[in-house]
Amino acid sequence: MERTELTGIERQLVLEYLMDGNAAVTLSFAKNADDYAGDKNVVSAEFPVALRAEQLKVLEQGVILLKNVPAAAADFEGKTVKVQFYFNRLSLFFFSKVQRVSAGLALVVPSVISKSEDRQVSERSGLSVTVYYETALQKKLNQKIDISCDFDSRFPLFVRSDYKKIVDSYLSGPENRKKDAIENRAYAPLVIYLDSERILFGARKSDMPFSSGVEYAVLVRFPIAGPIKERKVYFTCLVDEMFENYECNRLCACARISSIREEDNRFMSDKVLARSL
């Protein structure tokens, strides 16, 4: 098993890095008591608080003073939190209790600092979505680029809805992803909505491969019972709207299904109807 806890020398290097004011950190309540064994003050919460490097003052003793922090940080007082940050592009974390001192809120860097586990790719019961497109170079070489999309578990598929509400929920809500083990890693776009008329993709701006006004080919594989095991549905879609949240650097590409075989359209419509009953 890969070692996740830093050695004493590694911890000292990280502490010096924090003291030099190089790292922004994210504070969040642990999701469950197993995240910090033995501490009954660990509670659950959905929204982490991000602090810029200039909002931290790290003393030689390993004490972190929090300066000019947002009001939401007051909820952490007296509680054990998970502190996450990047060091040499690696995601690290530790647990510490936020305490009130004369200078304001503070926490102590503990003896144990750990590496974050790598992100696991989400699955949706065998369903898969692959998008194909051509760049000018690929078209010249008669090649296509394919992208295997991921899913966001917060958004059920094949449920007829006002897709703009889905867009708003995705762009305004918290990012449904653990802090990446490697900083600035690129990820495939998320499928956040799909019915017989539209498909919606969400991604960080740097990861969004789709452009407004461009048509793409899509293959959806549905797991089914029986000897065949899966049903393949092909369609093309045209991205006719793009929405962006500038604060969180996220984009949503909304595509209208532009061509699909009649039997595939009926199959998709039946799935929407079945989920609505």
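Quick note: numbers below take in every heavy atom, side chains included, and nothing from hydrogens, waters or symmetry partners.
- The two residues Leu92 and Ser116 come nearest to each other via the heavy atoms N-OG, 4.2 Å.
- Here the straight-line distance linking atom CG of Leu194 with atom CD1 of Ile257 works out to 6.5 Å at 0.5 Å rounding.
- Within 6.0 Å of CG on Asn68 lie no more than 12 heavy atoms contributed by other residues, nucleotides or ligands.
- Rounding to the nearest 0.5 Å gives a distance of 9.5 Å between CG of Leu15 and CG of Asp20.
- Environment of CD in Glu263: crowded, with over 12 heavy atoms of neighbouring residues, nucleotides or ligands closer than 6.0 Å.
- Shown here is Lys67, whose NZ atom has more than 12 heavy atoms of other residues, nucleotides or ligands within 6.0 Å.
- Arg11 approaches Ile113 most closely through the heavy-atom pair CG-CD1, 3.7 Å.
- Inter-residue side-chain proximity for Pro223 and Glu230 is flagged as unmet; no heavy-atom pair is nearer than 4.5 Å.
- Of the possible donor and acceptor atoms, none in the side chain of Ser196 sits under 3.5 Å from a partner among the backbone N and O of Asn265.
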**Study point:** Intermediate values then yes/no, side-chain contact (heavy atoms from CB on, under 4.5 Å), Phe151 and Leu127
**Key:** CA-CA 10 Å; Phe151 300 97; Leu127 179 72; 4.0 Å; yes
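- When all heavy atoms of Ser148 and Ala188 are compared, the closest pair comes out as O-CB, 3.2 Å.
- Cluster membership check: Ile64 does not share its hydrophobic cluster with Val108, using side-chain heavy-atom separations under 4.5 Å among Ile, Leu, Val, Met, Phe, Trp and Tyr.
- Side-chain atoms of Phe201 and Val191, non-hydrogen and from C-beta on, do get closer than 4.5 Å to each other.
- Asn245 places a side-chain N or O within donor-acceptor distance of the main-chain N or O of Leu171, the cut-off being under 3.5 Å.
- With a 4.5 Å cut-off on side-chain heavy atoms, Phe76 and Leu105 do not count as touching.
- Taking the ring centre of Tyr193 as origin, the terminal cationic atom of Arg198 falls outside the region bounded by 6.0 Å and 45° from the ring axis.
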Exercise for review: Step by step, work out the side-chain contact (heavy atoms from CB on, under 4.5 Å) result for Leu157 and Lys271.
Suggested key: CA-CA 9 Å; Leu157 306 180; Lys271 289 192 73 67; over 6 Å; no
Review point. Would Val214 and Val239 satisfy side-chain contact (heavy atoms from CB on, under 4.5 Å), going step by step from the backbone distance to the final call?
Key: CA-CA 6 Å; Val214 178; Val239 177; 5.7 Å; no
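- In this structure, the side chains of Leu6 and Lys115 come closer than 4.5 Å at one or more pairs of heavy atoms.
- Put simply, Val63 and Leu27 are part of two different groups of oily side chains (I, L, V, M, F, W, Y) that touch within less than 4.5 Å, one to the next.
- Going from atom CZ of Phe85 over to atom CG of Leu56 covers 10.5 Å, rounded to the nearest 0.5 Å.
- Looking only at side-chain heavy atoms (C-beta outward), Leu200 and Tyr170 stay at 4.5 Å or farther from each other.
- With hydrogens and angles disregarded, no donor-acceptor distance shorter than 3.5 Å links the side chain of Ser169 to the backbone of Lys165.
- Val14 and Leu65 fall into different hydrophobic clusters, where Ile, Leu, Val, Met, Phe, Trp and Tyr are joined by side-chain heavy atoms under 4.5 Å apart, directly or via other members.
- Under the 6.0 Å cut-off for aromatic ring centres, Phe222 and Phe158 qualify, their centroids lying closer than that.
- When each of Val218, Val129, Ile260 is paired with Val233, the side-chain contact (heavy atoms from CB on, under 4.5 Å) condition holds for Ile260 and for no other.
- Of all heavy-atom pairs spanning Pro209 and Asp207, the tightest one is CD-O, 3.1 Å.
- Side-chain heavy atoms closer than 4.5 Å link hydrophobic residues (I, L, V, M, F, W, Y) into clusters, and following such links, even through other members, never connects Leu238 to Met242.
- Interatomic distance, CD of Glu244 versus CZ of Arg250, reported as 11.5 Å (0.5 Å rounding).
- If you chain together hydrophobic residues whose side chains sit under 4.5 Å apart, Met208 and Tyr133 fall into the same group.
- Across Val167 and Cys254, no two heavy atoms sit closer than the pair CG2-SG, 3.6 Å.
- Dense packing is recorded around CD of Glu54, with more than 12 heavy atoms of other residues, nucleotides or ligands lying under 6.0 Å away.
- Between the CE atom of Met268 and the CZ atom of Arg231 there is a distance of 10.0 Å, given to the nearest 0.5 Å.
- For the ring pair (Phe, Tyr, Trp, His ring centres under 6.0 Å) test with Tyr216, the passing option among Tyr234, Phe235, Phe210 is Phe210; the others fail.
- Nearest heavy atoms, Asp264 versus Lys232: OD1-O, 4.1 Å.
- Distance check, rounded to the nearest 0.5 Å: CD1 of Ile199 to CD1 of Ile192 gives 10.0 Å.
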Exercise for review: Would you check, one step at a time, whether the test side-chain contact (heavy atoms from CB on, under 4.5 Å) holds for Leu66 with Gln55?
Suggested key: CA-CA 6 Å; Leu66 310 183; Gln55 292 178 293; over 6 Å; no
